[in-house]
Amino acid sequence: MTQAATIDMAMAGTALPEGTEDASRDYEVVRRTLQAITENWREQPSLEELAHDLDLQPIQLQRVFSRWAGITPKQFLQAITLDHARALLKDSASVLDASLEVGLSGPARLHDLFVTHEAMTPGVYRAKGAGLTISYGFHPSPFGQVLVMATEMGLAGLAFSDPGEEEAALEDMTSRWPKAEYVEDRAATAPYVRRIFNREEWSPDQPLKVVLIGTDFEIRVWETLLRIPLGRATTYSDIAERLGKPTAARAVGTAVGKNPISFVVPCHRVIGRSGSLCGYHWGLTRKRAILGWEAGVSGAITP
């Protein structure tokens with residue numbers, strides 16, 4: 001099962017995108033703020049209270065948060081509420097129908113990343129990656145430290161880790177294809193970071209080339225995830241319906257949880273039918289951060 005990619009991703013240069021280091025530092029403030037909001041949301045902590053816990057002045061927190069998210073902490077809190085999550089689900093099934101009509105190259109793109117993809121043959125997956133060479137490297141990103149993994153065919157893995165968790169993240173990802181050869185090569189993986197996290201690089205003229213490595217069913221689920229537009233969400237049961245397996249919501253959930261290409265293949269946009277966020281392999285705090293950031297990017301929460 002192979003779908004030919006149409007255009008190679010530009011790989012010139014190895015410098016990280018301008019501002020990525022700052023965004024990564026900002027994310028640590030955002031992460032701790034989100035943690036405080038999540039743990040104390042019933043008290044609706046004020047900006048002053050949140051800033052005090054971070055040993056910052058309120059104006060400092062406001063500036064850092066707004067620079068990172070494009071919206072204020074108060075607006076961000078609105079973006080991660082249950083009501084907003086339910087709004088994301090509005091007509092979720094028809095969103096998938098519409099995306100099928102326009103195709104993967106249509107306007108309903110993954111936050112304008114314009115992804116083109118191909119799937120490895122089932123034999124490669126069954127062989128646990130034997131014969132495959134995967135380059136990897138850790139880099140700063142707007143959502144913390146990111147592990148990027150790539151083959152000569154394109155991006156194969158993207159995982160997040162908090163400080164001190166890099167070894168566990170690498171072990172988690174390499175265990176998916178245990179017989180592949182792994183080569184640390186930050187120079188090879190850095191251009192992917194620039195392409196993924198620098199919005200100025202999101203162009204239909206340079207689609208991001210992705211390779212999906214999994215079972216046939218997992219790949220079908222991941223391809224469906226690619227059709228969920230920015231600022232929208234869907235449910236496990238809607239994906240199961242789309243795949244013609246209405247009773248397979250639990251299996252869909254398992255496949256979503258195994259998605260190896262976080263953020264690019266937006267498993268964070270799958271939530272419970274009630275609007276609950278459910279689980280996320282890289283942590284619910286990060287899922288809230290990504291959804292809140294996307295709300296600011298898409299204009300779903302007006303500054």
Side-chain angles (χ1 to χ4, degrees), residues 15-85 111 137-148 158-172 186 190 193-194 196-200 262-263 268 271 276-303:
L16 291 173
E18 183 178 353
T20 299
E21 294 274 5
D22 289 339
S24 185
R25 285 192 292 269
D26 289 352
Y27 174 71
E28 180 59 20
V29 173
V30 172
R31 184 187 68 80
R32 293 174 61 189
T33 303
L34 275 176
Q35 204 164 28
I37 290 173
T38 301
E39 293 172 356
N40 304 289
W41 66 270
R42 289 183 178 84
E43 286 76 27
Q44 290 290 291
S46 66
L47 178 66
E48 289 73 19
E49 291 169 329
L50 293 169
H52 179 269
D53 291 342
L54 293 171
D55 198 25
L56 295 173
Q57 293 296 319
I59 189 62
Q60 289 178 302
L61 175 57
Q62 184 95 334
R63 285 173 178 168
V64 169
F65 208 102
S66 298
R67 181 171 65 234
W68 183 88
I71 49 181
T72 67
K74 183 177 180 180
Q75 291 162 336
F76 197 94
L77 180 58
Q78 179 185 350
I80 60 172
T81 62
L82 187 62
D83 286 344
H84 179 67
H111 37 69
F138 283 93
H139 305 272
S141 86
F143 303 100
Q145 191 86 328
V146 64
L147 169 62
V148 175
L158 191 154
F160 294 105
S161 67
D162 290 322
E165 297 179 355
E166 292 85 357
E167 186 176 340
L170 180 60
E171 183 178 344
D172 171 43
R186 295 184 78 251
V193 180
R194 178 174 58 252
I196 293 166
F197 296 109
N198 183 357
R199 291 179 59 199
E200 294 182 358
S262 180
F263 188 75
H268 58 274
I271 59 181
S276 62
L277 293 189
C278 302
Y280 187 59
H281 191 74
W282 291 276
L284 279 178
T285 295
R286 186 168 279 107
K287 183 171 184 173
R288 290 186 179 94
I290 295 174
L291 288 173
W293 180 86
E294 288 187 345
V297 169
S298 66
I301 302 295
T302 305

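What you see is a predicted model, and the numbers here were worked out from it, not measured in a lab. The first residue in the sequence is number 1, and the count goes up from there.
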Do you know the tightest heavy-atom contact between [X] and [Y]?
{"X": "Cys278", "Y": "Leu284", "result": "O-CD2, 2.6 Å"}
{"X": "Tyr27", "Y": "Pro142", "result": "CB-O, 3.2 Å"}
{"X": "Lys287", "Y": "Gly279", "result": "NZ-O, 3.4 Å"}
{"X": "Arg186", "Y": "Gly137", "result": "CG-CA, 4.0 Å"}

Output the distance between atom CZ (Arg63) and atom CG (Asp26), rounded to the nearest 0.5 Å.
13.0 Å
Starting at CD of Gln145, measure out to CD of Glu165 and round the result to the nearest 0.5 Å.
11.0 Å
Are any of the side-chain heavy atoms of Phe160 and Ser141 separated by less than 4.5 Å?
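Counting from C-beta outward, Phe160 and Ser141 do come under 4.5 Å.
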Can you name the ring pair (Phe, Tyr, Trp, His ring centres under 6.0 Å) partners of Tyr280, sequence neighbours left out?
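Only Trp282 meet the ring pair (Phe, Tyr, Trp, His ring centres under 6.0 Å) criterion with Tyr280.
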The criterion is ring pair (Phe, Tyr, Trp, His ring centres under 6.0 Å); which residues satisfy it with Phe143, sequence neighbours excluded?
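Ring pair (Phe, Tyr, Trp, His ring centres under 6.0 Å) list for Phe143, sorted by chain: Trp68, Phe263, Trp293.
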For Val29, give me all partners under side chain to side chain contact (heavy atoms under 4.5 Å, CB included), at least two apart in sequence or on another chain.
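So Val29 forms a side chain to side chain contact (heavy atoms under 4.5 Å, CB included) with Thr33, Leu54, Leu56, Leu61, Val64.
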Mind checking what makes side chain to side chain contact (heavy atoms under 4.5 Å, CB included) contact with Gln62, not counting sequence neighbours?
Leu47, Ser66, Thr72, Pro73
Result for side chain to side chain contact (heavy atoms under 4.5 Å, CB included) between Phe138 and one of Val146, Val193, Leu147 points to Leu147
Residues two or more places apart in sequence or in another chain: which of them pass side-chain hydrogen bond (donor to acceptor under 3.5 Å, both in side chains) with [X]?
{"X": "Ser161", "answer": "none"}
{"X": "Asp172", "answer": "Arg176, His281"}
{"X": "Glu28", "answer": "Arg31"}

Spell out, as yes or no, whether a donor-acceptor pair under 3.5 Å connects the side chain of Glu166 to the backbone of Gly164.
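Flag set: sc Glu166 to bb Gly164 pair under 3.5 Å.
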Asp53 with Arg32: basic N within carboxylate O range, under 4.0 Å
no
Which residues satisfy the salt bridge (Lys or Arg N to Asp or Glu O under 4.0 Å) test with Glu49, sequence neighbours excluded?
none
